[in-house]
2 protein chains.
Amino acid sequence: MYAVIFKAKIKKLDEEYAQVATRMKELALEQYGCLEFVSVIEGENEIAISYWENEDDIKIWKNDPEHILAQELGKTKWYESYKVQIVEVIREHSGNT
Amino acid sequence: MYAVIFKAKIKKLDEEYAQVATRMKELALEQYGCLEFVSVIEGENEIAISYWENEDDIKIWKNDPEHILAQELGKTKWYESYKVQIVEVIREHSGNT
């Protein structure tokens, strides 16, 4: 399994951000085979992680026209800076406490 | 480069949590070779990611006595459930907007 870690310093979020973020999550999960999508915002820091079966799915998702537009909006309006990391999950464990 | 993704559903955070979280970050960075440590909390969701040069460093850090105690406190007091994923960073890109 692979994941895309997106970390950003937020400039200014607006109502359009909320709409686009919801739409991107829906699109990734329903039409591009995204396995899981989590995002957390605290103050000026955002971390979002999406999980994928393989790297091809990530590339195809990256080139979706609506997603390209959202990436542009992110760069021009919402984020001060950002970092994207493509990672492979080596192992995992979880627990209910 | 490797990373540890820690995701948790929060049960209840307290003052001890803030102290221990700060101490763990400091310890990982200053004594265990952690390259970067980021964490974001929103509502009941926490995502923390630490970055490491290799997997051995991660294993050594996991077994630090103070860290073991913190993990136990997390399981018994602070978290409802959690997931830990060890990942390898394949590629990354970043931007200032």
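Naming convention: chains lettered A, B, ... in sequence-line order (proteins, then strands); numbering from 1 in each chain.
In this structure a side-chain-to-backbone donor-acceptor pair under 3.5 Å is present from A:N63 to A:K59. Checking side-chain atoms of A:E88 against main-chain N and O of B:E88 turns up no donor-acceptor pair under 3.5 Å.
Screening A:W61, A:W52, A:Y51, A:F37 for a ring-ring contact (aromatic ring centres under 6.0 Å, His included) with A:Y32, the sole residue that qualifies is A:W61.
Options B:K77, B:M1, B:Q85, B:K7 differ in how many heavy-atom pairs under 4.5 Å they form with chain A, and the most are formed by B:Q85. Listed options B:I47, B:I5, B:V38, B:N45 were ranked by heavy-atom pairs under 4.5 angstrom with chain A; first place goes to B:I47.
A heavy-atom distance below 4.5 Å is not found between the side chains of A:E66 and A:Q31.
Heavy atoms closer than 4.5 Å to chain B are found nowhere in A:K9, neither backbone nor side chain.
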